[in-house]
Amino acid sequence: GIKDTVEMYHINFDRTDKPIDLYDKNLQKSFPLVFSKKSGLFAKNNFDLIKNDDGSFSVDYNSDHSFIQPEPSVKNSNFLSDIQSNTPSYEKQAEIAMNFVDKNNESQKVIDEKNEELNIFLEVNKESALKQAEAIDEKIANGEKVGFLSGLVFGIKANINVEDYIISAASKTLDNYFGSYNATVIDKILAQDGIILGITNMDEFAAGSSTETSCFGPTQNPAAPGRIPGGSSGGSAAAVAAEMCDIALGSDTGGSIRNPASHCGVVGFKPTYGAVSRQGLLDLSMSLDQIGPLSNDTSGIALALNAISDYDETECTTLHGKRPDFTSVLEEKSLEGMKIAVCKEFIDVTDAEINVAVNKAIHKLVEAGAELVEVSFDNIDLCLPTYYLINYVEFFSATRKYDGRDYGYRIEDVCGEEVLRRIEIGSYISQKEYSGKFYKKALQARSLIRDEINAMLENVDLIVGPTVPKLPHKIGDELTPME
């Protein structure tokens, strides 16, 4: 009923193969609408919807009215393309989210039917998700404002603290550790009415790039069954690719969001270091780690960044300063005046079939108005050894707290082969007589690499290149650590 507020009504139709005409008797006008399974019609104020014998619909209004027709859904994008800050968008998200945790909802069926096979979620709390969705629905019913993430469902990598979930980092070291608090990014998602569904698989302590080092077993790539999803945030990328959630959070040290995003065919974003709080993250390498989002399209990335990118007084690496509205550029189509660069050294180390796909993408950018130039990266051979030296030393330092005294088990007693290898190498490099020989030189090399990349970007807007130089290998294939 109407109580001096605008009431919102959502109509779902099972038929998706035909347009539906709504006939307004006041205006004597038909409104053709095309529906998908996850879109619907919203109309302001109270109305009666009557299906006529000929299949058309008649609408009677009690007051002024307007129609809002959702944008056509892009494949796999769910409802993320609808990012305008208006009540219909929020209500649509909230209602879909409530259906999501319902056992009959299509998305929930994916988890119920496929998770055992794909091994994506380590823990799912349907009851908690339903309560979160019901709280959003209650806000709407009471005419309260809802957050811009309302109804969007999140999966969270197993190294980001979520209260009352097992935060294991996919390791036996912490397989009985329940998060006692929320990471800052989790509180920010909940503050905007995002829904936390569960915890996703990963490489053990983020030490890997395939999600094969998890103590819970490897995750399958939904886009290429039998092959790795990438890593270390492989579970988060796979959750989005399998449409088990709308947005997922991962952590990225040297590609751990971007690598699995590429392998699973989704969008992954590593924010600038310090743009997002690391408070609550079980870090791999403290001077490189960042939490970031994965989604099926850029609007999901933009929404997530609007929520999680902020200064955090409890975390010393976060940057001061106002953040942009990341959704503000989503509708821009033209690249006129933009200069993009390609790097020959990236092309040289990349498989031919990947270069073909990248070249097609570059061609689209040029067609949209961008100018293409070439840059050179002379220090590319320094990148991997520099990364691993820093990674090993900082990982060794980070794991000293896992001694089994206060929680969990002593890490060296129960961890997997790759984690133990990194700890032992990090310990060796960290010895006093070697610190200046390896770690400090690696930090100097990192500065050299950073300076060169800044120089490459000086006269261009962006550099375009492959994310990963090789296609995902088959699960179980033996690769060398450097591979």
Side-chain angles (χ1 to χ4, degrees), residues 205-209 232-233 250-259 268-279 281 283-292 309 311-312 315-321 323 339-350 373-400 422-423 425-469 481-482:
F205 281 109
S209 57
S232 62
S233 307
S251 63
D252 193 314
T253 311
S256 287
I257 290 173
R258 296 158 290 167
N259 171 310
F269 188 86
K270 181 183 182 180
T272 297
Y273 188 83
V276 174
S277 173
R278 295 167 53 253
Q279 189 269 346
L281 172 69
D283 55 337
L284 171 69
S285 180
M286 58 90 181
S287 72
L288 296 168
D289 289 336
Q290 274 288 270
I291 295 172
S309 178
Y311 172 71
D312 180 5
E315 209 276 280
C316 63
T317 68
T318 54
L319 300 171
H320 289 269
R323 270 50 170 183
K339 187 178 289 187
I340 63 174
V342 292
C343 179
K344 182 179 181 295
E345 287 78 10
F346 292 167
I347 297 169
D348 290 343
V349 298
T350 301
V373 299
E374 187 175 325
V375 295
S376 179
F377 187 18
D378 297 333
N379 288 310
I380 190 171
D381 292 336
L382 282 178
C383 292
L384 270 181
T386 299
Y387 167 76
Y388 276 114
L389 281 168
I390 295 171
N391 184 306
Y392 290 159
V393 171
E394 294 182 358
F395 181 56
F396 170 71
S397 175
T399 57
R400 295 310 83 207
R422 296 193 186 198
I423 289 174
I425 295 175
S427 173
Y428 176 80
I429 299 170
S430 297
Q431 294 177 53
K432 186 176 181 180
E433 62 267 34
Y434 291 109
S435 63
K437 186 176 180 180
F438 294 120
Y439 182 64
K440 287 183 180 178
K441 285 190 179 298
L443 295 178
Q444 292 169 354
R446 180 168 69 179
S447 296
L448 186 67
I449 293 165
R450 181 179 62 240
D451 290 344
E452 184 175 7
I453 291 175
N454 284 335
M456 291 162 63
L457 288 165
E458 188 172 346
N459 297 312
V460 301
D461 294 289
L462 55 91
I463 300 171
V464 182
T467 305
V468 187
M482 289 302 283

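Numbering starts at 1 and runs along the sequence shown.
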Discussion item. Tell me if a side-chain donor or acceptor on S285 pairs with a main-chain N or O of E394 at a distance below 3.5 Å.
Written reply: no

Worksheet item: Are any of the side-chain heavy atoms of Y439 and L389 separated by less than 4.5 Å?
Response: no

Item to complete: Consider only side-chain N and O atoms of E452 and N379, and report whether a donor and an acceptor are under 3.5 Å apart.
Response: yes

Response to the item:
Here the gap from L443 atom CG to L448 atom CG, rounded to the nearest 0.5 Å, amounts to 13.0 Å

Worksheet item: Does any non-hydrogen side-chain atom of V276 lie less than 4.5 Å from one of T318?
Response: no

Practice prompt. Check F269 against I257 and note the closest heavy-atom contact, atom names and distance.
Written response: N-CG2, 3.5 Å

Discussion item. Can you tell me how far apart CD1 (I429) and CZ (F438) are? Round to the nearest 0.5 Å.
Written reply: 6.5 Å

Item to complete: I would like to know whether L319 and Y311 meet side-chain contact (heavy atoms from CB on, under 4.5 Å); could you show each step before the answer?
Response: CA-CA 6 Å; L319 300 171; Y311 172 71; over 6 Å; no

Worksheet item: Which pair of non-hydrogen atoms, one from S251 and one from L281, has the smallest distance, and what is that distance?
Response: CB-CD1, 3.8 Å

Worksheet item: Between D378 and S376, is any side-chain donor less than 3.5 angstrom from a side-chain acceptor?
Response: yes

Please list, one pair per line, the donor and acceptor atoms closer than 3.5 Å that link side chains of residues 459-467 to other protein atoms, with sequence neighbours excluded.
from: D461; atom 1: OD2; to: K339; atom 2: N; distance (Å): 2.7

Item to complete: Spell out, as yes or no, whether a donor-acceptor pair under 3.5 Å connects the side chain of S256 to the backbone of S232.
Response: yes

Worksheet entry | CG-OH distance between D289 and Y273, expressed to the nearest 0.5 angstrom | 7.5 Å

Worksheet item: Who are the side-chain contact (heavy atoms from CB on, under 4.5 Å) partners of A207, not counting sequence neighbours?
Response: E418, V419, R422

Worksheet entry | Minimum heavy-atom distance G268-R258, with the two atoms named | O-CG, 4.1 Å

Worksheet item: Taking all atoms of both residues into account, what is the closest heavy-atom pair of V393 and S430, and its distance?
Response: CG1-OG, 3.6 Å

Worksheet item: Looking at CG of N259 and OG1 of T253, how far apart are the two atoms once the value is rounded to the nearest 0.5 Å?
Response: 11.5 Å

Practice prompt. Would you sort out whether F346 and V342 count as a side-chain contact (heavy atoms from CB on, under 4.5 Å), showing the intermediate values?
Written response: CA-CA 8 Å; F346 292 167; V342 292; over 6 Å; no

Worksheet item: Closest approach of S309 and A275, non-hydrogen atoms and distance?
Response: OG-O, 3.1 Å

Worksheet entry | Donor-acceptor contact present, side-chain Q279 to main-chain D312, <3.5 Å | no

Discussion item. I'd like to know if the side chain of E345 reaches the main chain of I380, judged simply by a donor and an acceptor atom lying under 3.5 Å from each other, with no hydrogens or angles considered.
Written reply: no

Practice prompt. Before giving the answer on side-chain contact (heavy atoms from CB on, under 4.5 Å), spell out for I449 and C383 the whole-Å C-alpha distance, their side-chain angles and the decisive distance to 0.1 Å.
Written response: CA-CA 7 Å; I449 293 165; C383 292; 4.1 Å; yes

Worksheet item: CZ of R278 to CD1 of I291: how many Å apart, nearest 0.5 Å?
Response: 8.0 Å

Fill in: Nearest heavy atoms of L284 and A206, plus distance in Å
CD2-O, 3.4 Å

Discussion item. I need the F396 CZ to Y428 OH distance, nearest 0.5 Å.
Written reply: 14.0 Å

Item to complete: Go through the steps to decide whether I423 and R400 satisfy the test side-chain contact (heavy atoms from CB on, under 4.5 Å), and finish with yes or no.
Response: CA-CA 10 Å; I423 289 174; R400 295 310 83 207; 3.6 Å; yes

